[in-house]
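None of the values given here were measured: they were computed from a predicted structure.
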Amino acid sequence: MSTAATPSGSPADTPGRTPVAVVPEPTPPTSRRTAAPNRRVWWPSAGTLRGGLLGGIATASGMALTATSGWLIVRASERPVILTLLTAIVAVRAFGMARPAFRYWERLTSHDAALRLLAERRTTAYEALIPLTPARLGRRRRADVLTGVVDDLTDVVDAQVRVTVPVISTAVAGGIVIALTLVLALPVGLVLLALGVVVCLVSGLAVHLESRSLPELLAARAEVTRISELMASQAGELRAVGGWATALGWLEHAHASLDRVTRRISTGRATAASLFLVAVGAAVAVTAVIAQGLPVSTPVKALLVLTPVAVSEAITPLVDAMRALARARGSERRIEALLDLAPAVTVPRADPAGRTAMADPAGHVDDETSGARPGHPAYAGCDLETRGLTASWTGTHTDLTATDLDVPAGSRIAVTGPNGSGKSTLLAVLARHLDPSGGTYRLGGSDALDQPLERTRARIAVVDDETHVFATTLRGNLVLARPDADDDAVEDALRAAGLSALLGELPDGLDTPLGPSGRGLSGGERARLGIARAHVSGRPVVLLDEPVAHLDPPTARAVVEDLTRRTAAPGTNRVTGTDLPGQTIIMVTHRDDGADLFDRVVEVRRPPSGTMSPGTAPHQTAPGPHPDDHQHEPDQPRR
Amino acid sequence: MKPFDPRLLRAVPAARRPVAVLAGTGIAAGLTTIATAFALSAVVVAVVEGHDLTAPLVRLLALFAVRAVLAAVTEWVAAWAGVSVSSALRATLLRRWGSVDADARLEPGAAVSLATAGTAAVEPYAARFLPTLVTAAVVPVLAIATLVVVDWPSALVVVLTLPLLPVFAALIGTATAESTERRWVALAALSGHFLDVVRGLPTLVTYGRARRQVTTVREVSDRHRRATMETLRIAFLSSAALELLATISVAIVAVTVGLRLSTGSMALGPALVAILLAPEAYWPVRRVGAEYHAAADGAVALDAILAQLEPTPTRAPSSSPAGDAASRGGRAAERGEVGRVRLSGVTYAYAGSPVPVIRDLDLVAGPGLTVVTGPSGVGKSTLLDLVAGLRRPVTGTIEAPASHYVTQRPFLATGSVRSALTIGHPATDDQLWEALRAVEVDGVVAALPGGLSADLGDDGFGLSAGQRQRLALARAWLAPETLLLLDEPTAHLDPEGAEHVAAVVAELAERRVVVAVTHRDELLAHADHHLVLGDARSEVVPVPGTPPASPRTAARDAAGEELDR
């Protein structure tokens with residue numbers, strides 16, 4: 001999927017390696033997989049087509065059961081010789097047994113097909129997400145965005161079982177019934193044909209009505225979720241300032257609008273359900289009038305009158321099917337909107353080693369050979385230097401104004417500044433998650449923008465504000481950062497991150513399972529786990545993006561204290577005791593928790609609103625021992 | 001898990017109406033279904049016997065019209081009931097959490113998931129499962145009762161065979177329970193894998209491990225498919241068996257009716273009614289089983305939510321209704337009274353901790369600034385929580401007027417500056433500016449595009465930590481409460497800013513009771529009273545430069561002191 005993606009915005013032969021040229025199309029979040037077809041969610045796979053056909057037989061058996069029962073009763077009332085009824089009795093039993101049997105077969109077939117499709121779509125979606133991670137997943141709450149993708153994929157595939165199969169079943173069964181009726185009694189067949197047309201029109205109307213209000217419904221649900229999340233997690237803070245009643249008011253308001261939208265969206269379903277019944281009623285009436293005058297036997301007349309009633313059994317599932325269709329379409333659109341984004345980083349074109357030619361367009365090649373010797377991480381930091389670095393997430397709005405940064409190997413820097421000042425943008429550029437729009441970036445003496453992406457990234461460990469705990473053991477959660485790390489290295493990292501107490505209390509030590517079904521971790525422990533991972537990786541540079549944003553202040557400070565603690569003299573490698581510099585640490589923090597614990601505090605200023613004006617802002621930083629670099633902002637708090 | 005938990009109606013009165021309306025439409029739909037069987041057979045009889053069709057057709061069409069309306073109403077009511085019940089549950093749950101001790105709440109992650117995903121899962125339960133349950137309870141009974149009148153032998157067949165359905169279902173259930181259980185566990189792990197890997201994608205990308213997971217995702221998805229199919233094979237087989245059982249039962253009715261018709265012992269009309277009604281006795285029962293699987297999550301979530309709504313008598317209700325302080329203190333403020341804080345013998349331990357963090361504390365704080373200091377972890381913030389009524393003491397009593405409490409991370413909602421400042425109490429723009437001036441943050445707000453209407457929060461125009469702190473103090477300045485609790489009000493501020501904030505706090509203390517927790521010195525200079533919370537005993541230290549404590553006070557046990565000025 002992702003290998004098919006080729007940059008269409010900037011020509012591939014753009015000369016040089018000017019970072020500005022690397023920034024793709026000027027339109028915000030760039031879409032470039034224009035060739036991707038707008039997948040039709042209901043389009044059957046081979047398996048669901050087979051399921052639909054089997055379902056059609058099951059549905060047709062059900063209709064036949066009703067109709068032949070009617071015929072049997074009326075024929076019996078004419079008191080024929082009992083033997084003449086036997087055929088009908090056998091038919092009734094056969095249809096009665098065929099319906100559950102074929103239904104069972106259909107359900108197995110279509111579910112298996114849908115699950116195959118799910119496996120396939122999950123794999124391709126996962127692959128497509130890799131080059132978009134993390135820069136295109138939004139700035140915050142990426143895990144929620146990703147959960148949304150997982151849910152949307154399920155909805156889309158669900159459409160096969162909930163839409164495709166019932167629609168094919170109804171169409172097949174309806175087709176059989178209409179064809180037979182046309183042969184048996186042409187006028188009644190035409191009535192059923194008209195009924196079929198009405199059902200199609202009503203279904204279309206239902207999908208339209210349902211889809212129309214779906215965005216509003218999702219927005220209303222999101223608002224309810226936002227407010228209840230706020231109230232559930234910050235009940236104390238809200239009550240403290242007397243805001244609980246106000247928050248209850250917000251909740252009530254959000255519930256009221258959810259209620260309104262739900263009522264509106266149910267109009268589609270309600271309309272379809274009632275129009276189906278109106279149509280069936282009309283069809284029964286017209287058929288009765290026609291059948292009475294037809295030159296057929298009385299049992300056949302009864303059969304004809306009951307047929308539209310039997311058909312209604314096949315129509316009813318369409319109400320739910322149309323609802324599922326509207327939902328799946330919305331989900332598919334969201335998935336496409338995300339997966340069609342262009343990666344936020346492109347591969348440098350002038351690559352002397354030619355290695356990236358082998359990589360996928362985003363330059364993601366797994367790092368298997370990074371860092372130093374196996375076993376123990378080396379903790380050798382490296383210098384980091386930027387000049388006039390600017391960046392933009394959308395290509396139109398400047399999110400980071402020209403920034404000069406000088407970070408000597410092994411130093412610990414805190415980056416602060418108000419929201420929107422570009423702290424996180426700076427970090428994304430340094431991590432090579434986002435291409436800069438201008439300026440230079442040197443890492444360990446070489447041009448980081450010129451290096452193959454994976455080589456630069458392999459020198460940097462990133463810790464964000466939502467450490468993911470994988471459903472595996474404690475060891476598994478750590479060694480993924482460095483597969484060849486031994487237990488000593490893992491335990492050292494845990495100690496350095498302040499988790500030795502946790503390790504001590506775990507029954508199975510490093511083998512204790514974590515994650516949803518294992519031991520739960522507190523917020524502080526999670527943040528520390530993320531930091532321990534970075535330690536295990538032994539990568540020279542650690543970038544932390546508000547790792548303690550969700551922690552209470554004392555815990556936040558304790559975590560930062562452990563992060564910045566040096567057990568040996570400054571500049572000495574903590575683990576080996578040699579004179580190698582330790583890991584270079586740059587932490588972005590929204591609040592200035594523990595910023596005083598760092599060697600230096602860098603204040604980033606908000607870029608002027610409007611379009612790009614790189615290079616206009618004064619330098620934000622000055623190398624030196626004094627943490628206070630923000631005299632230009634008298635209102636800013638100082639340490 | 002019970003199919004329907006009557007605790008829902010007791011705990012959430014707002015859910016009663018939707019459930020009642022659901023039951024009402026269910027019964028109405030059942031009645032029209034029965035009536036339709038009669039009208040339809042009348043039409044068939046008229047067609048077959050060549051009678052005039054007008055009257056039966058009019059009746060049938062009228063019934064179809066009623067059913068069409070009922071179908072629409074049912075869809076509306078189901079959607080409305082789903083949202084109403086889940087909203088009512090959510091509101092009740094959050095209200096409950098808003099009134100209990102901080103320790104009685106779930107930890108934030110679990111609380112958030114129960115209040116959002118948990119209550120949302122109840123929606124399909126209420127919107128789909130409950131109507132099905134009503135239908136299953138009503139329609140078979142109506143159908144059998146009608147059959148008894150119309151054709152009792154058919155009714156007998158139905159009555160004899162219908163119980164086979166639940167019996168059969170239970171038999172299949174017990175026979176496969178063990179393997180089903182085993183499979184569900186395996187299935188849960190497999191289906192969780194993709195979510196786990198995808199949510200962890202940023203980490204995998206950082207450490208260069210993302211690509212190699214592609215194969216794993218494919219393999220695990222395939223194993224997930226096979227495991228799911230194993231489970232479904234049994235589930236579908238049992239529902240197919242039930243359907244077969246129902247169809248055979250209906251066929252028995254049809255055949256016996258047919259035989260009696262052919263011997264002339266039965267008329268056509270009742271015979272048609274019998275075969276049209278017989279299926280109505282079976283399908284609602286089968287549908288309950290089908291829908292129950294879809295609603296199982298909701299039933300589980302409902303159980304967890306109702307457990308939260310149970311009264312929890314773990315803490316003796318504080319004899320002083322600190323939790324109700326808002327109403328009491330509000331009136332006190334109107335009367336212009338300035339109350340005082342009185343703690344006697346207060347002991348508090350966190351849930352699950354045997355060691356109290358605060359032990360047998362006596363304290364009286366009157367008008368003026370009382371500064372509380374002490375080493376980290378000694379329970380300073382907990383003390384403020386107790387006075388604010390957010391926590392209830394294990395033993396002892398707390399008397400306190402309504403308070404405004406500036407927590408360490410003051411709550412500032414996403415939204416305008418104005419709405420952040422008026423979250424507790426309404427105020428005019430003039431009052432807002434006055435308060436902003438008092439804490440010297442007016443310049444910052446004026447510089448924001450939109451001023452008081454400027455958006456705060458991640459997507460709006462952000463503020464530094466110090467500015468947020470000042471905004472929180474401006475809100476405290478506006479608060480009408482006579483008691484002000486401040487947790488580290490000078491954190492995040494530079495020395496100059498802290499000095500200024502301390503002066504603002506001192507000014508506030510001229511009109512109210514102010515209790516502030518701090519580890520910095522600026523506030524101490526302005527303090528009227530100083531309480532040192534220690535590991536062993538709390539101790540009141542006279543503040544230098546202020547009149548010494550009266551001999552009466554000094555003579556008392558050092559643990560609890562009259563702190564009046």
Side-chain angles (χ1 to χ4, degrees), chain A residues 69 72-73 76-77 79 96 100 104 107 115 119 122-123 126 130 133-134 143 146 150 225 228-229 231-233 235-237 240-244 246 255 259 262 266 269-270 273-274 277-278 281 285 288 292 298 301-302 305 366-367 418-420 462 468 470-471 480-481 553 591-592 637-638, chain B residues 43-44 47-48 57 64 67-68 71-72 75-76 79 83 87 94 97-98 102 108 111-112 115-116 195-196 198-203 205-211 217-218 221-222 225 236 240 243-244 247 251 254 258 261-262 268 271 275 390 405 407-408 411 423-424 462 464-466 493-494:
Chain A
S69 303
L72 174 70
I73 298 299
S77 72
R79 301 200 198 170
Y104 174 64
R107 291 172 89 184
L115 286 165
R122 281 182 164 183
T123 313
Y126 176 82
I130 295 174
T133 305
L146 291 165
V150 174
T225 302
S228 22
E229 227 177 80
M231 293 178 74
S233 58
E237 286 83 353
V241 297
W244 188 250
T246 310
H255 277 159
D259 185 68
T262 308
S266 67
R269 261 167 280 155
S274 71
L277 276 169
V278 168
Q292 201 172 34
T298 44
K301 284 181 184 175
V305 174
D366 273 6
D367 145 49
N419 281 336
V462 182
H468 181 75
F470 289 91
L480 69 90
R591 300 172 289 144
D592 25 12
R638 273 173 231 158
Chain B
V43 168
V44 173
V47 167
V48 167
L57 272 188
F64 264 101
R67 285 181 65 189
E75 291 288 347
W76 274 320
V83 168
S87 297
L94 288 171
W97 284 340
V112 165
T116 56
L195 184 64
D196 189 36
V198 170
R199 280 178 69 103
L201 198 49
T203 308
V205 166
T206 287
Y207 295 111
R209 309 281 293 173
R211 283 270 155 215
V217 165
R218 184 174 288 124
S221 297
D222 204 52
R225 175 181 64 82
F236 292 162
E243 188 180 352
L244 190 63
T247 325
L261 273 173
S262 64
L268 178 60
I275 66 153
L390 300 181
Y405 176 15
T407 45
Q408 279 201 32
F411 179 82
I423 184 171
S464 70
L493 298 174
D494 55 60

Exercise. Side chain, backbone, both or neither: which part of B:V47 has a heavy atom under 4.5 Å from chain A?
Worked result: both
Exercise. Who wins among B:L195, B:T116, B:L390, B:V44 for the most heavy-atom pairs under 4.5 Å with chain A?
Worked result: B:L390
Seminar exercise, completed: Counting heavy-atom pairs under 4.5 angstrom with chain B, the leader among A:G281, A:G96, A:A235, A:P100 is A:P100
Exercise. Are the side chains of A:K301 and A:V305 in touch, meaning some heavy atoms are under 4.5 Å apart?
Worked result: no
Exercise. When rounded to the nearest 0.5 angstrom, what is the spacing between NE2 in A:H255 and OG1 in A:T262?
Worked result: 10.5 Å
For this session: Give the C-alpha distance, both sets of side-chain angles, the deciding distance and a yes or no for side chain to side chain contact (heavy atoms under 4.5 Å, CB included) between A:T123 and A:Y126.
Result: CA-CA 5 Å; A:T123 313; A:Y126 176 82; 5.8 Å; no
Exercise. Side chain, backbone, both or neither: which part of B:S262 has a heavy atom under 4.5 Å from chain A?
Worked result: both
Seminar exercise, completed: Those residues at least two apart in sequence (or on a different chain) that pass side chain to side chain donor-acceptor pair (under 3.5 Å) with A:D259 are A:R263
Exercise. What part of B:V43 lies closer than 4.5 angstrom to a heavy atom of chain A: side chain, backbone, both or neither?
Worked result: side chain
Seminar exercise, completed: CZ of B:F411 to OH of B:Y405, rounded to nearest 0.5 Å, is 15.5 Å
Exercise. Which bit of B:I275 comes within less than 4.5 Å of chain A, counting heavy atoms only: side chain, backbone, both or neither?
Worked result: side chain
Problem set entry | Nearest-0.5 Å distance that lies between atom OG1 in B:T407 and atom CD in A:E237 | 5.0 Å
Problem set entry | Side chain / backbone / both / neither for B:S87 at chain A, heavy atoms under 4.5 Å | both
For this session: Among B:L201, B:T247, B:V48, single out the residue with the greatest number of heavy-atom pairs under 4.5 Å to chain A.
Result: B:L201
For this session: Just give me the residue among A:A119, A:P134, A:A302, A:S233 that pairs up with chain B most often, heavy atom to heavy atom, under 4.5 Å.
Result: A:A119
For this session: Select one option (side chain, backbone, both, neither) describing which atoms of B:L57 are under 4.5 Å from chain A's heavy atoms.
Result: side chain
Problem set entry | Straight-line distance of A:R269 CZ to B:W76 CH2, nearest 0.5 Å | 11.5 Å
Seminar exercise, completed: Looking only at B:D222, B:L244, B:V198, B:D196, most heavy-atom pairs under 4.5 Å shared with chain A are made by B:D196
Exercise. In chain order, what residues pass the side chain to side chain donor-acceptor pair (under 3.5 Å) check against B:R67, with sequence neighbours excluded?
Worked result: none
